[in-house]
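Values in this document were obtained by computation on a predicted structure and should not be read as measured data. Below, each value reflects all heavy atoms present in this structure, side chains not excepted, and no hydrogens, waters or symmetry copies.
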Amino acid sequence: MLPPVSSMPPSPRPRTPLLDRLKGWLADHDPGGIDLTRAFHLGVSFVVVILLGYATSTGFRLGMDITFPMMAGCAALVMISFNPAASVTAEARTMARLFGLGFAFLLAMTLVGPGEGQGNDIVQKIMLIPLSFLALALRRYGMDGQRLGLALIVVATVGTILRPTRIEGALLLAAFCQGAMVAAAVRLSPWRPSAVNAFVETTLDMQGAVANYLRELSDAVRRGRHFPEDANNALESLRGRIWNALAAAIAEDPGAQPDFERLRVRFYRLRVAVQLLAGCVPEKAPDSPNWRGPFAAAADYIARRLEAVDVSDIHAEERFERAVAELRRVAFAPELPPEARFALLRALTAFDRLSLVVTGIAAAETAPFPPPHDDADAAPPPRAIPFLVKGKDGGRTLSAPMRVACQGAIATAITTVLDLSIQLDHAYWATMTVMFVIGNSVGETFMRVRYRTIGTLIGVVLGMALFLGLGEHVWLIATFCMLAQMIALVTQKDRYDVASAAVGFSVVLGLHIISGLGTEGMLARIYETAIGAAIALVVSYLVLPVYLAEQLRPEVKALLRQARTAFASWWPHQGEKESVSALALNVRSMGTRLPNLGAEQVFGHSAGDAANIVSTLDVLVTYLALMEDVALRLSAAGADAREEVVAVVEAARSRILTGFEVVLGEAGAGSADAATPAVDAAVSTVLGMADDPAVEEVLPLVADYLAYSDAVLRPLRELKAALTDTSPWRRDDMIAAGRPAAGLRGKG
């Protein structure tokens, strides 16, 4: 006899094949194959420069059949790997900067000529100390400066490995020029995908996913079954894809950033609106009067509109209007409980909002893309971080990039001393590791050390296995080296561990090709990388440490002040309006540093559950954006003509502003909850006037405003607990703080 269905264990989900998971990862992290194309260009450049460099060496009898193409390949690697995908013009400018920096170093190395004698060799090793300081100090100029510094480190490392004489240094300089020209010709060719088109395609994917979501919701409502929460998974996964596609599109066409942002905001609101619509389905409401039919019909209409935004169907629009009108009539049926009535009233505003958003998307998709934009809205280029900044005590202190630069100089000085004193076999690996793993904070350095060490171990082991298996098949080994560099380029942004393994794999095989590096040298790669990583971590922790955790609380408070200012400017306030849309970008930027923040707890500067802090901010901004939308629509509906409606909004608005004051330490705890009775009294007055046509028209918007008003208070309470707690932030304490006291819950 079979056991009851409820007691049977759930059947395991079929495991997705590795290739499908890889395709899914690339689709989310590299929409349109932008970075994949860069990796292909890098591979093509490698093939061309190797063949051309070998032909140059043999044709002119230079005796540099390996070192000449290696330096040319180094140039190609620098020109493409440290040049993020952008417009052809922007990439050409970056290539010019990278080439100038590499050329200047190789020229200096040629003049030093370390191969001329032991003294010159020592001079070059000592040069790495100020070089590391310079490379890290370039971070004053943001990510562009950081990439320039890393490129300089790569060129310097290759120069250290080859140890050329002055004549050989001059020839390597020529090889660098040759490789740079090949990489520029390949990368700047017109055969490359459009990031703008990829962004548009990604928004269309979101559009289709939302339509499927609405179809499933409609079917669940019509059949009277529960709509599962995991239906949101497809929308949430596409959310990250749109962000990545947006970044690539802005890089390709910076002037059109305002247009891309406007389109992204439309899809952001579309996603949030349909997810909130699922929360507007009454859980406990009688099926009579029939509210399920018009609800499902309205959802089906929005789905059809999304599937064919360029098709205008007057009859379908009339059916949608009839369904909404019927839903409005049913929402005021006396037999419905208050909770069901408010849910249906919110559903009415959700359908209205969805209709407006879909209309805006249709207008954007049927117009030429990108549409005309105002160049005045373009953000100015970021300024360099000064050498000195104001400290906590009011005095002047070194800025974070300069403190990191000092750390790099000290760490490379230590590895250089170790090299000169105990004669490490490959000391440049330790020095190179120092310059690669030192991050912009202690936490980031810790993360990079961990990934770099583990990745190098895995990469070297794989490289040794391949070396032992393939023997002397040099060109086949070179092919694997090239593929590893391509993998590193695609994964370096989101999977530094995989990129580190690929780099370690390619380095040991490349050195085997160049100098016959055997298993002993490959093992040295592991422990000398570990030495450099350990030195970098210790110096980062002890010498002028930089902690992101110390910066996060002030950043959160600054974001909250911006959100309060924007919220205070909305209706029924009279004056210039501000928006919270820009805050979403700041919250996302903060989220990219979460792993580094969490890592700092190892060193006694914990940010606690920083992920919960940032996700709470994201929730807050989301609901504030919805309140902004409702406030604009209430103003446009002429609701200010009804004093009772204005009184409801004013009471809820005052409660939220008080909530902001509590979080920022400008009001006592509980002040926001104390304002709840005033909100309840104003709501009761308006509900008593529900038969008034003017009030009935705006009551769904008021229901929305009240629901979002209550929703905003919870993340504010959680953030209050986080910002006033001097110990590491704890998620359980924040969640407990977010629950309002019994009897103080607002309606909605």
Subject >> Salt bridge present between E91 and R192 (N-O < 4.0 angstrom) >> reply: yes
Looking at every non-hydrogen atom in both residues, tell me the closest pair between [X] and [Y] and how far apart they are.
X: A405; Y: L136; result: CA-CB, 3.7 Å
X: V437; Y: A536; result: CG2-CB, 3.5 Å
X: G33; Y: P193; result: O-CG, 4.1 Å
X: G102; Y: V155; result: O-CG1, 4.2 Å
X: L98; Y: A151; result: CD2-CB, 3.5 Å
X: V186; Y: H41; result: CG1-O, 3.7 Å

Subject >> Pair Q178-T56, side-chain hydrogen bond (donor to acceptor under 3.5 Å, both in side chains): steps then yes or no >> reply: CA-CA 10 Å; Q178 185 184 84; T56 302; 3.1 Å; yes
**OP:** Would you please say whether a donor-acceptor pair under 3.5 Å links the side chains of T94 and R97?
**Re:** yes
Original post:
Going by distance alone, is a donor N or O of one side chain under 3.5 Å from an acceptor N or O of the other, for N83 and R187?
Top reply: no
Under a 3.5 Å distance rule, please check whether [X] uses its side chain to pair with a backbone N or O of [Y] as donor and acceptor.
X: Q407; Y: L544; answer: yes
X: T453; Y: A530; answer: no
X: R139; Y: Q146; answer: no
X: N244; Y: D28; answer: yes

Subject >> Pairs meeting criterion side-chain hydrogen bond (donor to acceptor under 3.5 Å, both in side chains) with involvement of residues 126-136, two or more places apart >> reply: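 Qualifying pairs: S132-T412.
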Original post:
So F199 and L263, side chain to side chain contact (heavy atoms under 4.5 Å, CB included) or not? Walk me through it.
Top reply: CA-CA 10 Å; F199 175 60; L263 186 59; 4.0 Å; yes
Subject >> D253 side chain reached by F260 side chain, heavy atoms, under 4.5 Å >> reply: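 When only atoms from C-beta onward are counted, D253 and F260 do touch, with a gap below 4.5 Å.
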Original post:
Taking C-beta and beyond as the side chain, do V546 and N440 meet within less than 4.5 Å on heavy atoms?
Top reply: no
I need the [X] [atom1] to [Y] [atom2] distance, nearest 0.5 Å.
X: R38; Y: M486; atom1: CZ; atom2: CE; answer: 12.0 Å
X: D205; Y: L238; atom1: CG; atom2: CG; answer: 6.0 Å
X: F505; Y: F480; atom1: CZ; atom2: CZ; answer: 6.5 Å

Original post:
Does NZ or CZ of R448 come closer than 6.0 Å to the centre of the six-membered ring of F436, within 45° of the ring's axis?
Top reply: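 Negative - R448 is either too far from the ring of F436 or too far off its axis.
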Original post:
What pairs with F99 under ring pair (Phe, Tyr, Trp, His ring centres under 6.0 Å), at least two apart in sequence or on another chain?
Top reply: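 Counting only residues at least two positions away or on another chain, F99 forms a ring pair (Phe, Tyr, Trp, His ring centres under 6.0 Å) with F103, F176.
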**OP:** Would you please name every residue forming a side-chain hydrogen bond (donor to acceptor under 3.5 Å, both in side chains) with D30, sequence neighbours left out?
**Re:**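 Partners of D30 under the side-chain hydrogen bond (donor to acceptor under 3.5 Å, both in side chains) test: none.
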Subject >> Candidate pair L172 and M64, rule side chain to side chain contact (heavy atoms under 4.5 Å, CB included), full reasoning >> reply: CA-CA 9 Å; L172 291 180; M64 302 173 65; 3.5 Å; yes
**OP:** Would you sort out whether V154 and L150 count as a side chain to side chain contact (heavy atoms under 4.5 Å, CB included), showing the intermediate values?
**Re:** CA-CA 6 Å; V154 170; L150 293 174; 5.7 Å; no
